[in-house]
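Per chain, numbering begins at 1; letters A, B, ... match sequence-line order.
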Amino acid sequence: MASGHGDSVFANVVRAPEDPILGVTVAYNKDPSPKKLNLGVGAYRTEEGKPLVLNVVRRAEQMLVNDTSRVKEYLPIVGLAEFNKLSAKLIFGVDSPAIQENRVTTVQCLSGTGSLRVGAEFLARHYHEHTIYIPQPTWGNHPKVFTIAGLSVKTYRYYSPETRGLDFQGLLDDLNAAPSGAIVLLHACAHNPTGVDPTPEQWEQIRQLMRSKGLLPFFDSAYQGFASGSLDEDAQSVRMFVSDGGECLVAQSYAKNMGMYGERVGALSIVCKSADVAVRVESQLKLVIRPMYSNPPIHGASIVATILKDSHMYDEWTVELKAMADRIISMRQKLFDALQARGTPGDWSHIIKQIGMFTFTGLNAQQVAFMTKEYHIYMTSDGRISMAGLSSQTVPLLADAIHAAVSTVV
Amino acid sequence: MASGMLSLTCPSSSSLSLPHHFKGGAAAAGKPKLLNQASVFGKRFVNTESFTRTTMAVALNVSRFESITMAPPDPILGVSEAFRADTNEMKLNLGVGAYRTEDLQPYVLNVVKKAEKLMLERGENKEYLPIEGLASFNKVTAELLLGANNPLILEQRVATVQGLSGTGSLRLAAALIERYFPGAKVLISSPSWGNHKNIFNDARVPWSEYRYYDPSTVGLDFDGMIADIKAAPEGSFVLLHGCAHNPTGIDPTPEQWEIIADVIQEKNHIPFFDVAYQGFASGSLDVDASSVRLFAARGLELLVAQSYSKNLGLYAERIGAINIVCSSADAATRVKSQIKRLARPMYSNPPVHGARIVANVVGDPELFNEWKEEMEVMAGRIKSVRQKLYDSLRAKDKSGKDWSFILRQIGMFSFTGLNKAQSDNMTNKWHVYMTKDGRISLAGLSSAKCEYLADAIFDSYHNVS
């Protein structure tokens with residue numbers, strides 16, 4: 001007990017290891033080598049290797065900061081109303097009947113993580129099934145968010161290392177074996193970390209199975225527009241589930257597609273059977289949020305709302321977004337070509353087949369450690385690399401490193 | 001959740017149009033037509049194949065959330081909603097503690113505008129902050145709280161993690177207590193800010209109350225406070241308001257703070273400060289931090305949740321910090337690492353905008369001085385409406401009732417001593433919006449409205465019981 005210097009009430013608090021994903025950047029920053037490469041966290045980089053603030057975001061921010069009539073009063077607990085409406089339209093479609101029928105409640109949250117946490121807390125309190133099925137593998141933070149919210153986490157098969165593609169039968173079998181009513185986490189597009197997405201036909205089968213078993217979909221949509229370059233196309237999986245009239249949860253993030261990473265902008269939508277249920281659900285979401293942080297931050301949400309509601313800015317955004325998605329696709333091609341040119345052993349076609357920001361290389365933890373030590377290439381130990389962190393300049397370095405790793409480390 | 005069998009009496013199957021996958025076999029084209037909504041409680045049931053029966057277990061068309069009840073509006077934030085809905089021209093919002101100018105307008109500080117312009121000119125990026133937040137923000141925040149040359153800071157014994165304003169910082173601390181001090185209680189003043197209990201409830205940290213407000217004196221029940229802190233199990237966390245107690249506005253004197261520290265030390269309790277009004281109480285940032293600094297100077301380990309909502313007017317930016325003063329640099333490192341582990345599954349990393357504003361204002365000597373001046377103006381305006389309200393009540397009330405507590409109370413709020421019925425009268429008859437515990441926010445009062453408010457208080461106090 002603390003009675004002065006020496007004793008500490010925190011004596012039993014051990015030092016936690018760095019977060020496995022965000023810790024990669026910590027390690028990268030410590031590395032003094034001039035030729036290091038950070039392929040850890042999924043933050044977009046330009047061809048010059050620099051972070052990017054979208055032009056349309058800068059403009060919107062300028063408008064807001066220069067508007068002398070703006071104030072910094074508390075937002076409502078559910079956040080900026082305009083932002084919420086526009087976010088719902090973005091993911092569900094402007095003509096979504098669910099929106100028109102007022103069956104959707106949308107609350108502003110702290111990016112994807114915050115939306116997932118609020119949704120999970122809500123389900124732990126108000127939903128009768130407390131098991132959530134998450135794909136194997138999934139984003140490292142998913143199990144932590146759900147567990148701390150009070151849900152019990154199980155996995156369903158997803159990635160097949162043999163094919164480097166989707167283990168579709170495994171997925172169907174595992175969801176079929178799930179108890180009726182269980183919650184199922186679905187990556188709306190650009191699965192993280194594998195980049196492997198179901199086809200539209202596979203999504204339809206998943207939908208049918210889930211609806212017949214009463215499984216509750218909880219979508220994580222962090223890459224809308226980043227996967228294919230089209231916002232509507234990337235929302236198809238979600239819209240398919242909404243158009244059958246069923247209920248679902250959707251966590252939306254603007255971290256990547258608007259480059260709003262540090263502003264923490266996102267939204268949680270719950271699509272309900274009726275407007276009356278939606279109103280009651282929203283009131284309960286407020287009870288989750290108020291003791292967590294009272295109300296969400298205004299800056300990022302205002303920027304997003306400004307862009308989404310102005311048709312010119314919206315169009316500009318879609319162009320900038322497509323340019324980012326296209327650059328990533330071209331990096332995939334370049335890396336694939338570079339490995340082919342080196343005659344690197346193995347089939348590397350998954351690099352160009354996978355979708356979104358990441359490539360699940362198939363490299364094992366030893367090979368990853370080798371690449372970090374010998375080539376100063378930083379990535380997560382599961383072999384995931386962020387293509388967004390690559391440029392034409394750095395592709396050769398990475399290709400050399402992969403070549404060396406697969407040739408010398410088993 | 002209540003369970004029960006769901007039965008529906010349905011019209012004959014020919015008039016039912018069920019979603020195609022109920023029919024089995026290949027998917028049919030076209031959208032399914034929904035059945036009529038049913039009101040049910042309880043579990044969902046697996047779809048059955050047969051739908052020719054008139055009573056059937058219907059899985060799909062009942063909401064899984066049907067039994068969710070409507071939550072009541074937040075008692076504090078709900079006041080502003082009610083105020084907005086009121087069309088009466090005399091209405092006055094003394095609910096939430098947000099500073100208003102004499103014209104009853106929200107106020108964005110000049111230094112904040114300057115900082116935002118600077119930030120825009122620099123064209124800073126929007127990359128993720130580290131989980132613990134902006135380093136330059138954390139540095140100036142600890143210095144603001146403890147004093148820049150505080151040995152604790154030089155010895156690296158302070159773990160500071162950027163949090164989502166006061167609420168978010170309290171929540172991180174609560175999560176730390178839950179994980180590392182299982183069973184330990186938090187002692188909360190009676191009364192306290194309404195959201196404190198919610199935070200500890202949601203974090204699953206047990207709490208109990210210590211006496212604080214004495215209605216007979218409209219002052220501090222110091223003996224009760226000391227007795228209750230003494231009676232609590234050793235190693236409890238004692239939640240203390242650093243200054244400008246919310247909702248009462250009643251703060252211990254420096255001598256009383258010393259005694260409180262003595263008792264806390266005796267019982268090996270852990271002081272847990274909520275500092276939401278540094279600068280707003282007396283007008284001086286240093287004076288308002290003296291309670292925290294007193295405890296820190298004794299070598300006690302302590303928790304301090306800080307908010308910039310009020311003193312920098314950054315309400316909506318959600319900027320604050322949790323500071324843990326530890327007995328060693330090693331403990332501070334370990335504690336910080338564990339707070340990060342709690343923040344990551346909550347929101348990953350905190351928002352950058354408000355943190356940059358603070359770092360720019362507090363970290364720049366010129367802007368910092370300008371801020372101090374604006375702070376004095378804001379605190380000064382509140383002191384002057386206190387005086388005017390008191391003078392108006394004195395002039396009006398010849399009954400001998402002593403209203404001087406209004407002058408003794410400090411900070412944004414005044415605890416009027418009005419009970420719920422009287423507070424309701426304030427709202428229903430006089431369109432004065434306040435919280436039901438009798439708290440009024442002086443930050444929402446203008447000089448021009450003091451007379452009117454005095455009339456309302458006088459009427460409610462003397463004519464309503």
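Heavy-atom distances place the side chain of B:K340, and not its backbone, under 4.5 Å from chain A. Heavy atoms of B:L134 lying under 4.5 Å from chain A are absent altogether. Only the side chain of B:R100 comes within contact range of chain A, judged by heavy atoms closer than 4.5 Å. For A:N12, the parts lying under 4.5 angstrom from a heavy atom of chain B are both the backbone and the side chain. Of the two parts of B:N349, the backbone and the side chain both hold a non-hydrogen atom closer than 4.5 Å to a non-hydrogen atom of chain A. Only the side chain of B:N195 has a heavy atom closer than 4.5 Å to any heavy atom of chain A. Heavy atoms closer than 4.5 Å to chain B are found nowhere in A:P17, neither backbone nor side chain. At a 4.5 Å heavy-atom cutoff, the contact between B:S309 and chain A is made by side-chain atoms alone. No part of A:L64 comes within reach of chain B, as not one of its non-hydrogen atoms sits under 4.5 angstrom from that chain. Both the backbone and the side chain of A:L216 come within contact range of chain B, with heavy atoms under 4.5 Å apart. In this structure, the portions of B:V335 lying under 4.5 Å from any heavy atom of chain A include both its backbone and its side chain. Only the side chain of A:V277 comes within less than 4.5 Å of a heavy atom of chain B; its backbone N, CA, C and O stay farther away. Only the backbone of A:R70 comes within contact range of chain B, judged by heavy atoms closer than 4.5 Å. Both the backbone and the side chain of A:V279 come within contact range of chain B, each with at least one heavy atom under 4.5 Å from a heavy atom of that chain. With a 4.5 Å cut-off on non-hydrogen atoms, A:A11 touches chain B through its backbone but not through its side chain. Residue B:E81 touches chain A through its side chain alone, counting heavy-atom pairs closer than 4.5 Å. If you measure heavy-atom distances from A:N295 to chain B, the contacts under 4.5 Å come from both the backbone and the side chain. B:I324 touches chain A through its side chain: at least one heavy atom from C-beta onward sits under 4.5 Å away, while N, CA, C and O do not. Only the side chain of A:K286 comes within less than 4.5 Å of a heavy atom of chain B; its backbone N, CA, C and O stay farther away. Only the side chain of A:L123 has a heavy atom closer than 4.5 Å to any heavy atom of chain B. Looking at B:F200, there are no atoms closer than 4.5 Å to chain A (heavy atoms on both sides), in backbone or side chain.
With rounding to the nearest 0.5 Å, the separation of OH in B:Y315 from CD in A:E73 is 6.0 Å. With rounding to the nearest 0.5 Å, the separation of OG in B:S63 from CZ in A:R280 is 7.5 Å. Within the model, atoms CD1 of B:I199 and CZ of A:R290 stand 8.0 Å from one another, a figure rounded to the nearest 0.5 Å.
Heavy-atom contacts from other residues, nucleotides or ligands closer than 6.0 Å to NZ of B:K113 number more than 12. Heavy atoms from other residues, nucleotides or ligands lying under 6.0 Å from CZ of B:R204 number 12 at most.
Salt bridge B:R344/A:E18: absent, no basic N to carboxylate O contact under 4.0 Å. Salt-bridge check for A:R45 with B:E127: passed, with a basic side-chain N closer than 4.0 Å to an acidic carboxylate O.
The most heavy-atom pairs under 4.5 Å with chain A, out of B:G168, B:S348, B:P350, come from B:S348. Per-residue heavy-atom pair counts under 4.5 Å with chain A were compared for B:N125, B:V108, B:L120, and the maximum is reached by B:L120. With chain A as partner, the option from B:A355, B:P130, B:P351, B:S165 having the largest number of non-hydrogen pairs under 4.5 angstrom is B:P351. Most heavy-atom pairs under 4.5 Å with chain A: of the set B:D330, B:N198, B:L342, this distinction falls to B:N198.
B:R64 places no side-chain N or O within 3.5 Å of a backbone atom of A:G181 that could act as its donor or acceptor partner. Although no hydrogens or angles enter the test, the distance criterion places a donor-acceptor pair under 3.5 Å between the side chain of B:Q338 and the main chain of A:V14. In terms of modelled atom types and a separation under 3.5 Å, the side chain of B:E301 and the main chain of A:V9 share a donor-acceptor contact. Judged purely by atom type and a 3.5 angstrom limit, B:R318 uses its side chain to pair as donor or acceptor with the backbone of A:Y293.
With contacts defined as side-chain heavy-atom distances shorter than 4.5 Å, the pair B:R341/A:D19 does not qualify.
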Assess whether side chain to side chain contact (heavy atoms under 4.5 Å, CB included) is satisfied between B:L164 and A:L110, documenting all intermediate values. CA-CA 10 Å; B:L164 291 148; A:L110 283 117; 3.6 Å; yes

Please lay out, stage by stage, how B:V352 and A:R264 fare under the test side chain to side chain contact (heavy atoms under 4.5 Å, CB included). CA-CA 8 Å; B:V352 66; A:R264 317 312 291 130; over 6 Å; no

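Ring geometry for B:H353 versus A:H299: interplanar angle under 30°, hence parallel rather than tilted (30 to 60°).
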